[in-house]
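Reviewing the structure listed below.
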Amino acid sequence: MLKNVGLAILCSIAFVACKKDAKKIEAIDPIEEVIEPVNDFKEVSGYKIGDQATDFSLIGIDDKKHSLADFPEAKGYIVIFTCNHCPYAKAYEERIVALDQKYKTLGYPVVAINPNDPVVQPEDGLELMKERAKEKGFTFPYLLDEGQKIYPQYGATKTPHVFLLQKAEGKNIVKYIGAIDDNYEDASQVSVKYVENAVDALLAGKAIEQTTTVAIGCSIKVK
């Protein structure tokens with residue numbers, strides 16, 4: 001009898017615990033599975049270091065088509081997949097503007113691409129991209145990956161996700177893939193500036209010490 005009572009109590013406790021866990025799971029917004037870092041580049045399809053990146057033609061916030069060829073004097077490009085709604089992308093907006101202001105005149109302009117499907121995430125539609133760019137003072141092309149054809153070619157999985165390209169003999173060669181720096185929470189606490197270090201190395205004619213890092217941010221939204 002006591003044994004049966006004990007089992008009944010244990011079952012009740014387990015049932016209550018399961019209900020609590022279920023409530024926790026339901027409380028998580030399925031649209032915002034924010035931190036899911038890519039930590040094994042071998043498992044990610046898309047470009048690898050040393051690959052040639054093809055050009056693209058995407059509509060921008062000025063309602064015109066843009067491509068890498070729009071910068072004929074560039075030595076390379078800082079291609080960043082980012083968006084409007086992601087808190088990680090928002091945290092990096094000022095730093096992305098700073099990257100463009102620092103390196104555009106040195107031959108490495110920023111080209112930002114929003115890879116998200118605006119049907120799935122309405123905050124990432126073109127009209128709201130225009131508003132966001134104006135509000136934050138974007139100094140670089142902010143493009144929409146209509147049809148989501150470009151981000152899979154690159155292998156982008158997060159926003160933000162950086163692909164540093166260098167022009168060589170008419171080709172755009174991938175030189176760095178990953179995060180902007182090592183502290184998405186606080187720009188003042190950054191200890192390693194991955195993108196800046198990579199661009200500085202290319203400008204100095206040196207090898208990049210760290211060519212890949214983990215991209216941390218929001219997952220790309222697809223239908």
Side-chain angles (χ1 to χ4, degrees), residues 30-60 65-69 74 76-89 92 96 99 108-121 124-126 129 140-182 184 194-195 197-199 201-202 207-223:
I31 293 296
E32 283 308 334
E33 63 280 19
V34 178
I35 304 180
E36 288 186 12
V38 179
N39 54 21
D40 187 347
F41 289 91
K42 294 181 180 179
E43 294 181 1
V44 178
S45 60
Y47 296 138
K48 304 295 186 295
I49 300 301
D51 285 352
Q52 177 183 348
T54 58
D55 204 346
F56 45 74
S57 180
L58 298 174
I59 192 166
K65 294 282 188 175
H66 293 265
S67 65
L68 299 178
Y77 312 92
I78 304 172
V79 178
I80 304 178
F81 290 88
T82 186
C83 67
N84 285 359
H85 86 281
C86 172
Y88 289 76
Y92 273 108
I96 293 173
L99 281 172
Y108 284 87
V110 166
V111 178
I113 301 175
N114 176 4
N116 288 335
D117 187 323
V119 175
V120 177
Q121 181 47 262
D124 289 329
L126 184 60
M129 287 171 59
F140 45 81
Y142 188 24
L143 316 177
L144 178 63
D145 188 4
E146 287 187 298
Q148 299 185 299
K149 298 178 181 179
I150 302 304
Y151 90 79
Q153 292 181 21
Y154 276 73
T157 60
K158 302 293 172 184
T159 53
H161 203 157
V162 180
F163 291 77
L164 174 61
L165 313 180
Q166 182 183 42
K167 290 173 67 174
E169 299 180 352
K171 300 176 181 179
N172 298 315
I173 307 301
V174 180
K175 291 293 184 176
Y176 169 82
I177 301 172
I180 293 172
D181 55 44
D182 67 346
Y184 61 85
Y194 301 126
V195 172
N197 290 347
V199 179
L202 294 180
I208 298 172
E209 292 185 4
Q210 193 165 7
T211 57
T212 57
T213 58
V214 175
I216 297 177
C218 302
S219 62
I220 293 173
K221 305 302 181 280
V222 299
K223 289 182 180 178

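With values rounded to the nearest 0.5 angstrom, Asp51 atom CG is found 12.0 Å from Gln153 atom CD. To the nearest 0.5 angstrom, Leu58 atom CG is 9.5 Å from His66 atom NE2. Atom OH of Tyr108 is separated from atom CG of Leu164 by 6.5 Å, given to the nearest 0.5 angstrom. Note that CD1 of Ile59 is 14.0 Å distant from OH of Tyr142, once rounded to the nearest 0.5 Å. Here the CD atom belonging to Gln52 is positioned 8.0 Å from the OH atom belonging to Tyr47, to the nearest 0.5 angstrom. Distance check, rounded to the nearest 0.5 Å: CG of Asn114 to NE2 of His85 gives 9.0 Å.
At least one side-chain heavy atom of Leu165 sits under 4.5 Å from a side-chain heavy atom of Leu68. Residues Phe140 and Val111 have side chains not in contact (no heavy-atom distance under 4.5 Å, counting atoms from C-beta outward). In this structure, the side chains of Asn197 and Gln210 stay at 4.5 Å or more apart for every pair of heavy atoms. Between Val120 and Val222 there is no side-chain heavy-atom pair separated by less than 4.5 Å. A 4.5 Å side-chain heavy-atom check between Val110 and Ile78 finds at least one atom pair inside the cut-off.
One N or O on the side chain of Lys167 and one on the backbone of Ala74 form a donor-acceptor pair closer than 3.5 Å. Within the 3.5 Å criterion, the main-chain N or O of Asp55 finds no donor-acceptor partner in the side chain of Ser67. Distance alone, capped at 3.5 Å, is enough to place a donor-acceptor pair between the Gln148 side chain and the Pro115 backbone. The closest donor-acceptor contact from the side chain of Lys221 to the backbone of Ser219 lies under 3.5 Å.
What you find for Tyr194 and Asp182 is that their closest heavy atoms are OH-CB, 3.3 Å. When all heavy atoms of Ala156 and Ile220 are compared, the pair lying nearest together is O-CD1, 3.4 Å. Heavy-atom minimum distance, Thr159 versus Tyr88: O-CB, 4.0 Å. When all heavy atoms are compared, the tightest approach of Leu126 to Gly60 is CD1-O, 3.8 Å. Across all their heavy atoms, Ala89 and Cys83 have their closest contact at CB-O, 3.6 Å.
Considering Asn84, Asp124, Thr82, Asp145 in turn, Asp124 is the only one that fulfils the side-chain hydrogen bond (donor to acceptor under 3.5 Å, both in side chains) rule with Asn116.
Remark: Cys218 SG to Cys86 SG, distance under 2.5 Å.
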- Start with the C-alpha distance between Val79 and Ile113, add both sets of side-chain angles, then the distance that settles side-chain contact (heavy atoms from CB on, under 4.5 Å), and finish with yes or no. CA-CA 7 Å; Val79 178; Ile113 301 175; 4.0 Å; yes
- Determine, step by step, whether Lys65 and Leu143 satisfy the side-chain contact (heavy atoms from CB on, under 4.5 Å) criterion, reporting the C-alpha distance in whole Å, the side-chain angles of both residues, the deciding distance to 0.1 Å, and the verdict. CA-CA 8 Å; Lys65 294 282 188 175; Leu143 316 177; over 6 Å; no
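Between Tyr154 and Phe81, the ring center distance clears the sub-6.0 Å criterion.
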